[in-house]
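Here the structure comes first, spelled out in structure tokens, and everything after it is commentary.
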Amino acid sequence: MYRRNAGRQPSEHLVSKLRSHEDLQRRCGPGTAAYSAALEQLKSGKSPAASPECRYLVSISYRGLGNRILAAASGFLYALLTGRVHLVDPSNQMDDLFCEPFTGTTWLLPPGFPLVDYQSFYLHTAQRYGKMRENRVLRPESPDAPVSGGQATAAVAVLPAFAYIHLDYNQTDYDQLFFCDEDQRLLSNIQWLVVRTDSYIVPGLFLVKAFQDELAELFPERDAVFHHLGRYLFHPTNHVWGLVTRYYRGHLAWARRRVGIQVRVSSWESESPELLKTITTCTQEEGLLPRVLGKDQEPPAVTTTAAAAARRGLTSIAVVVTSLKSWYYEKMKGMYWEQATATGEVVVVDQPSHEEHQLYGVKAHDRKAWAEMYLLSLTDMIVTTGTSTFGYVAQGLGGLTPWVLPRGEVNGTAPPCRRDMSMEPCFHVAPLYDCKRWEDAGKIVPHVRHCDDMPAGLKLVDRTEW
């Protein structure tokens, strides 16, 4: 009800797949006999003697909230594609910020998980999949295991009870084998996977040939993957929803136009007049906000025609600014209060909070951050800062293709902002090759392209031509 942009409609196949996955979570999730049996198998340190009834994916939660949301969405899509129960590490307020997405079960990993140090898994972990592949502990094909049904397998006897998938920023070439078909067939035989990533790995999944047909049916509009997954998975808990609704009613509900501006600056960065100019130039040149007149100028007198009178009732624009710092909001608010707009429209600029420093593990800080992402998603048009996962989440939830501000030093010769290719997040640490040979991963399939805000990254676009 708060969104004027109703968003995209999910495909019938996606809806059906989600219902099936909900049944899987209830049948195999925490509290079931199948889950208890899988835990006992994990404690034994051995893989099941036969193909397991239920398989599991555990997503580790770490770094900023935007990263955690994108990683959880990525993990869920992978679980959806591979028929795994998706369990999210409950640390870092994941249980405090989001409602349960599945009825009759939980997506949170319960206490008492046998891998007591799973949150500390990293490059040194013996069960890291890339390490096992590098050391040839695991191989897609084993001379002792025949190929069955055209699929490369490994001997069940040598499979570990679990594998740790390391997709952090320092992943190795062997870790990136995760995005290869033969390795996916091998991984399908391992009952428990623990994944560390703070990235939106979805574009990489679209490069896995074994997933491509299913993904095409699930998401015929390739640029709406996070849009659908985000709206399905991430619902604010009551406290966060209270922050959203109170701000919305007081600052957004009455406006003819709602504009969101996300300014991602670090706490150690000083206020930048150049960045402020970039923001105002972008919003005014792109028609998001009206230009202002000189300080001694006033707009032309308003006529009394019926059309003009009707227009006068719809002349308010609400701007919601999100940033760690308040300086940019204060300057924009002062500009639109002290100077009249060329159109005669009234522009009201507000900022819900300004924490000054990004704080990790602080409940109140994360609640405000989640509320502000959600508020940005309720706007009609949005300006984000390049490479910011905070902005990625807001634009995807809102179904909004953003205008993107440059990140870092502002170049006076560059355009103040540019319209993005799609509303999809960027996969910052993307694979570099297609498993058989070195190749530009941004040219393998037509709907996976390099990101404008991070050229080495990959993002989904809705296009069918090369």
Between [X] and [Y], is the gap from one ring center to the other below 6.0 Å?
{"X": "Y232", "Y": "W107", "result": "no"}
{"X": "F162", "Y": "Y56", "result": "no"}
{"X": "H447", "Y": "F206", "result": "yes"}
{"X": "F102", "Y": "H21", "result": "yes"}
{"X": "F178", "Y": "Y78", "result": "yes"}
{"X": "Y392", "Y": "H428", "result": "yes"}

### Query
Can you list the residues that meet the side chain to side chain contact (heavy atoms under 4.5 Å, CB included) rule with A126, with sequence neighbours excluded?
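Listed in chain order: nothing, the list is empty.
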### Query
A318: what forms a side chain to side chain contact (heavy atoms under 4.5 Å, CB included) with it, not counting sequence neighbours?
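With sequence neighbours excluded, A318 shows a side chain to side chain contact (heavy atoms under 4.5 Å, CB included) to L252, W254, A255, given in chain and number order.
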Qualifying residues under side-chain hydrogen bond (donor to acceptor under 3.5 Å, both in side chains), relative to [X], sequence neighbours excluded:
{"X": "E286", "result": "W403"}
{"X": "R84", "result": "none"}
{"X": "T387", "result": "R407"}

Do you know the tightest heavy-atom contact between [X] and [Y]?
{"X": "P203", "Y": "K459", "answer": "CG-CA, 4.0 Å"}
{"X": "N5", "Y": "G398", "answer": "ND2-O, 2.7 Å"}
{"X": "N67", "Y": "D198", "answer": "ND2-O, 3.2 Å"}
{"X": "M94", "Y": "S61", "answer": "CG-OG, 3.5 Å"}
{"X": "R449", "Y": "V461", "answer": "CG-CG2, 3.9 Å"}
{"X": "P352", "Y": "V321", "answer": "CD-O, 3.3 Å"}

SB check [X] [Y] (cutoff 4.0 Å):
{"X": "R63", "Y": "D168", "value": "yes"}
{"X": "D366", "Y": "R68", "value": "yes"}
{"X": "K209", "Y": "D181", "value": "no"}

### Query
For R19, what residues pass the salt bridge (Lys or Arg N to Asp or Glu O under 4.0 Å) criterion, not counting sequence neighbours?
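R19 satisfies salt bridge (Lys or Arg N to Asp or Glu O under 4.0 Å) with E22 only.
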Treating [X] as the side-chain partner and [Y] as the backbone partner, does any N or O pair qualify as donor plus acceptor under 3.5 Å?
{"X": "T197", "Y": "L167", "value": "yes"}
{"X": "W192", "Y": "A38", "value": "yes"}
{"X": "H227", "Y": "G396", "value": "yes"}
{"X": "S16", "Y": "H13", "value": "no"}
{"X": "Q25", "Y": "H86", "value": "yes"}
{"X": "Q119", "Y": "I60", "value": "no"}
{"X": "Q351", "Y": "S323", "value": "yes"}
{"X": "T379", "Y": "L375", "value": "no"}
{"X": "S59", "Y": "A72", "value": "no"}

### Between CZ on residue R367 and CG on residue L65, distance to nearest 0.5 Å
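Interatomic distance, R367 CZ to L65 CG, rounded to 0.5 Å: 12.5 Å.
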### Message
Working to the nearest 0.5 angstrom, can you tell me the gap between L77 CG and F219 CZ?
### Response
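It comes to 5.0 Å.
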### Task
Please report the C-alpha distance between R26 and T103 in whole Å, then the side-chain angles of each, then the deciding distance to 0.1 Å, and finally whether the side-chain hydrogen bond (donor to acceptor under 3.5 Å, both in side chains) criterion is met.
CA-CA 8 Å; R26 285 188 285 267; T103 57; 3.2 Å; yes
Does a sphere of radius 6.0 Å around [atom1] in [X] hold more than 12 heavy atoms from other residues, nucleotides or ligands, not counting ones at 6.0 Å or beyond?
{"X": "E217", "atom1": "CD", "answer": "yes"}
{"X": "D117", "atom1": "CG", "answer": "yes"}
{"X": "R3", "atom1": "CZ", "answer": "yes"}
{"X": "D440", "atom1": "CG", "answer": "yes"}

### Message
Ring-plane angle category for Y247 and H251, please: parallel below 30°, perpendicular beyond 60°, tilted otherwise.
### Response
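Ring orientation of Y247 relative to H251: parallel.
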### Message
Over 60° means perpendicular and under 30° means parallel, so tell me whether Y200 and F226 are parallel, tilted or perpendicular.
### Response
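Geometry flag for F226 against Y200: perpendicular rings.
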### Task
State whether a side-chain donor-acceptor pair under 3.5 Å links Q262 with T322.
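Side chains of Q262 and T322: no pair found under 3.5 Å.
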### Between T172 and D175, a side-chain donor and acceptor under 3.5 Å
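Present: a donor and an acceptor within the cut-off.
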### Query
Passes salt bridge (Lys or Arg N to Asp or Glu O under 4.0 Å), K131 versus E134? Steps please.
CA-CA 5 Å; K131 187 175 184 177; E134 182 178 8; over 6 Å; no
### Within-4.5 Å side-chain heavy-atom neighbours: Y129 and H166
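Side chain of Y129 against side chain of H166, heavy atoms only: no contact under 4.5 Å found.
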### Query
Which one of Y118, Y164, Y62 satisfies the side-chain hydrogen bond (donor to acceptor under 3.5 Å, both in side chains) criterion with R196?
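So, applying the side-chain hydrogen bond (donor to acceptor under 3.5 Å, both in side chains) to R196 and each of Y118, Y164, Y62, only Y164 qualifies.
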